[in-house]
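Remarks on the structure that follows.
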Amino acid sequence: MTPTSAANPLHDQQPSRDTFMTDVLQGLRRERRQLSPKYFYDEAGSRLFDRICETPEYYVTRTELLIMAEHASDMGRALGPNVLLVEPGSGSSVKIRLLLDNLHNPAGYVPVEISRDHMLASVEQLQTDYPNLDIYPVCADFTRPFEIPVTRRPIARRAVYFPGSTIGNFPPADAETLLRGIHQTVGPNGAMLLGVDLRKDPGILLPAYDDAEGVTAAFNRNLLVRINRELGGDFDPAQFKHRAVWNNIQSRIEMHLVSCRVQYARVAGEVFRFRAGEAIVTEFSYKYTPERLARLAATAGFEVKHSWTDNRQWFAVYYLVRN
């Protein structure tokens, strides 16, 4: 596969194996074991997540796409001409198409994705469909500083497009830190379009993270498969059960991998003992009220200028501008 045209080479800032190993070992040593959800997204995990988005229970993607289809023209006008659009966690670059179709003379598009092969396949198709768009792919962990490539066209402003309620994967203090980093990335006159999953009945939320087909369970256990393959682990993924729970006090869904029995797993020469029923936390997904989101944005230096939502008030896309 040719990564991109020569004019737009891949900017490879992918985390090293040592970083992955350090994060995994530190997470497994904690009293409450925890692994970062950013490591879900190897090539297999990215494909599984695409399948999750197609399950009947996972309302998030469908609802956000409906909002984008109805309001992308308003979003494009808000961003204005000659915008450089940066998308952290670009994945399959599906939603961005609705926005690109409504931008006036964009200066370029910068997809940022930790899964290199998955991103390159998406970028190749996107470049075919948008031959006049300058695409500057960056393989990086967007939770850490990364460089924005130098563009060929003049830029009126930078804007970050952060859909999918990925902001919900971060505890409040980390979410504030992330938004402060985006505040610095977009710079003066910068803006942000932020997709946010809103707080709702747990009877709607829980099936979205524990679908009947078991795709989310496979996605969750694939993290152990990846640790085995890349870090020389010897987890038995079949002996860990997927579990999703609603934490009402924290207003979040929690995804766990629960040990089915007493067992041991070795990673990078270190042995970890798991009790029967002991859980590894693999993901948080915080659900926001509009008031809570506005407070979070304000602490990071952003002002809510507008928001668009669906008729059930399940999801919202916020237009934020830098103060």
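As the structure is a prediction and not an experimental result, all values here were calculated from the model. These values consider heavy atoms only, across backbone and side chains, with no hydrogens, waters or symmetry-generated copies.
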Task: For Arg33, all residues meeting side chain to side chain donor-acceptor pair (under 3.5 Å), sequence neighbours excluded - done: Glu278

TODO: Before accepting this row, confirm whether a basic side-chain N of the pair Arg47/Glu43 lies closer than 4.0 Å to the acidic partner's carboxylate O.
DONE: yes

TODO: Take atom CZ of Arg275 as the centre, draw a 6.0 Å sphere, and report whether it contains more than 12 heavy atoms from other residues, nucleotides or ligands.
DONE: no

Open item on the list: Over 60° means perpendicular and under 30° means parallel, so tell me whether Trp308 and Tyr319 are parallel, tilted or perpendicular.
Closed with: tilted

- [ ] Please confirm whether Arg199 makes a cation-pi placement over Tyr286, using NZ or CZ under 6.0 Å from the six-membered ring centre and within 45° of the ring normal.
- [x] no

Task: Validation row: Leu133, Leu100 side chains within 4.5 angstrom (heavy atoms) - done: yes

Open item on the list: For residues 280-300, which residue pairs pass the salt bridge (charged side-chain N to carboxylate O under 4.0 Å, His left out) check, not counting sequence neighbours?
Closed with: Asp197-Lys287

- [ ] Tell me, please, which residues at least two apart from Tyr288 pass side chain to side chain donor-acceptor pair (under 3.5 Å).
- [x] none

Open item on the list: Is there a side chain to side chain contact (heavy atoms under 4.5 Å, CB included) between Ser165 and Phe315? Walk through the geometry before answering.
Closed with: CA-CA 9 Å; Ser165 201; Phe315 197 95; 3.9 Å; yes

Task: For the student: nearest non-hydrogen atoms of Ser90 and Glu113, plus distance - done: N-OE1, 3.3 Å

Open item on the list: Any non-hydrogen side-chain atom of Thr282 less than 4.5 Å from a side-chain atom of Gln34?
Closed with: no

Open item on the list: Closer than 4.0 angstrom, basic N to acidic O: yes or no for Arg322 and Glu303?
Closed with: no

Open item on the list: Between Ile204 and Val215, is there shared hydrophobic-cluster membership here, with clusters defined by ILVMFWY side-chain heavy atoms closer than 4.5 Å?
Closed with: yes

Open item on the list: Is it the case that atom NZ in Lys305 sees more than 12 heavy atoms from other parts of the structure closer than 6.0 Å?
Closed with: no

Task: Beyond-backbone contact of Val281 with Met255, side-chain heavy atoms, under 4.5 angstrom - done: no

- [ ] Look at the aromatic rings of Phe219 and Phe40 and report parallel, tilted or perpendicular, splitting at 30° and 60°.
- [x] tilted

Open item on the list: Tell me whether Ser251 contacts the main-chain N or O of Asn247 through its side chain, where contact means a donor paired with an acceptor under 3.5 Å.
Closed with: no

- [ ] Could you tell me whether the side chain of Lys241 and the main chain of Gln239 form a donor-acceptor pair under 3.5 Å?
- [x] no

Task: Within 6.0 angstrom of His306 NE2, more than 12 heavy atoms from elsewhere - done: yes

Task: Backbone N/O of Ala244 and side chain of Asp210: donor-acceptor pair under 3.5 Å - done: no

Task: For Glu70, salt bridge (Lys or Arg N to Asp or Glu O under 4.0 Å) partners two or more places apart - done: none

Open item on the list: So that I know where these two stand, are Tyr264 and Phe274 an aromatic pair - ring centroids less than 6.0 Å apart?
Closed with: no

Open item on the list: To the closest 0.5 Å, what do you measure between CD1 (Ile167) and CG (Leu179)?
Closed with: 4.0 Å

Open item on the list: For a 4.5 angstrom cut-off between non-hydrogen side-chain atoms, does Leu48 reach Asn222?
Closed with: yes

Task: Min side-chain heavy-atom separation Leu79-Asn102 under 4.5 Å - done: no

Open item on the list: Treating Asn220 as the side-chain partner and His256 as the backbone partner, does any N or O pair qualify as donor plus acceptor under 3.5 Å?
Closed with: yes

- [ ] State plainly whether one hydrophobic cluster holds both Leu66 and Val317, where clusters connect Ile, Leu, Val, Met, Phe, Trp and Tyr through side-chain heavy atoms under 4.5 angstrom apart.
- [x] no

Open item on the list: ring-ring contact (aromatic ring centres under 6.0 Å, His included), that's the test. Do Phe142 and Phe162 meet it? Break it down for me.
Closed with: CA-CA 11 Å; Phe142 68 77; Phe162 200 41; 5.5 Å; yes

TODO: Enter the distance from Arg273:CZ to Ser259:OG here, rounded to the nearest 0.5 Å.
DONE: 9.5 Å

Task: hydrophobic_cluster_shared for Val225 and Tyr41, side chain cutoff 4.5 Å - done: no

TODO: Can you tell me which residue pairs pass the ring pair (Phe, Tyr, Trp, His ring centres under 6.0 Å) test with a partner in residues 81-100, sequence neighbours excluded?
DONE: none

Open item on the list: So does Asn82 get a backbone contact from the side chain of Asn105, meaning a donor-acceptor N/O pair under 3.5 Å?
Closed with: no

- [ ] Can you see which heavy atom on Cys53 is nearest to which on Tyr58, and at what distance?
- [x] CA-CD2, 3.8 Å

Task: Asp74 with Arg77: basic N within carboxylate O range, under 4.0 Å - done: yes

Open item on the list: Any heavy-atom pair between the side chains of Arg266 and Glu270 that's under 4.5 Å?
Closed with: no

Open item on the list: Going by the rule side chain to side chain donor-acceptor pair (under 3.5 Å), which residues pair with Asp310 if we only count those two or more places apart in sequence or in a different chain?
Closed with: none

Cut-off 3.5 Å, no hydrogens considered: what does the side-chain donor-acceptor table look like for residues 183-195, sequence neighbours left out?
unit_1	atom_1	unit_2	atom_2	d
His183	NE2	Gly301	O	3.3
Thr185	OG1	Gly181	O	3.0

- [ ] For Tyr209 and Ser285, test the side chains for any donor-to-acceptor distance below 3.5 angstrom and give the result as yes or no.
- [x] yes

- [ ] Could you list all the salt bridge (charged side-chain N to carboxylate O under 4.0 Å, His left out) pairs where at least one residue sits in residues 89-106, not counting sequence neighbours?
- [x] Glu64-Lys95, Arg97-Asp129

- [ ] Spell out, yes or no, whether Phe240 and Val258 are grouped together once hydrophobic residues are joined by side-chain heavy atoms under 4.5 Å, including indirect joins.
- [x] no

Task: Residues Asp42, Arg229: salt bridge by 4.0 Å N-O rule - done: yes

Open item on the list: Treating Thr22 as the side-chain partner and Thr19 as the backbone partner, does any N or O pair qualify as donor plus acceptor under 3.5 Å?
Closed with: no

- [ ] Kindly determine whether Phe20 and Tyr39 satisfy ring-ring contact (aromatic ring centres under 6.0 Å, His included), including the steps that lead there.
- [x] CA-CA 8 Å; Phe20 180 26; Tyr39 293 118; 4.5 Å; yes

Open item on the list: If you apply the rule ring-ring contact (aromatic ring centres under 6.0 Å, His included), what do you find for Tyr318 with Phe302, and how did you get there?
Closed with: CA-CA 11 Å; Tyr318 287 87; Phe302 284 102; over 10 Å; no

Open item on the list: With a 4.5 Å cut-off on side-chain heavy atoms, are Leu84 and Thr151 touching?
Closed with: yes

Task: Residue pairs fulfilling salt bridge (charged side-chain N to carboxylate O under 4.0 Å, His left out) with at least one residue in residues 245-254, sequence neighbours excluded - done: Arg32-Glu254, Arg252-Glu254

TODO: Not counting sequence neighbours, which residues clear salt bridge (Lys or Arg N to Asp or Glu O under 4.0 Å) with Lys38? List them please.
DONE: Asp23, Asp141

Task: Contacts of type side chain to side chain donor-acceptor pair (under 3.5 Å), residue Arg51, not counting sequence neighbours - done: Glu213

TODO: Report the residues that fulfil salt bridge (Lys or Arg N to Asp or Glu O under 4.0 Å) with Asp174, sequence neighbours left out, ordered by chain and then residue number.
DONE: none

Task: Short side-chain to backbone donor-acceptor contact, Thr299 and Leu296, under 3.5 Å - done: yes

Open item on the list: When you measure from the side chain of Glu57 to the backbone of Ala212, do you find a donor-acceptor pair of N or O atoms at a distance under 3.5 Å?
Closed with: yes

Open item on the list: Could you check whether any side-chain heavy atom of Val94 comes within less than 4.5 Å of a side-chain heavy atom of Met68, counting everything from C-beta outward?
Closed with: no

TODO: Might you work through the side chain to side chain contact (heavy atoms under 4.5 Å, CB included) test for Thr55 and Thr216, ending with a clear yes or no?
DONE: CA-CA 9 Å; Thr55 60; Thr216 309; 5.8 Å; no

Task: Single-linkage hydrophobic cluster, 4.5 Å side-chain cutoff, Ile155 and Tyr136 together - done: yes

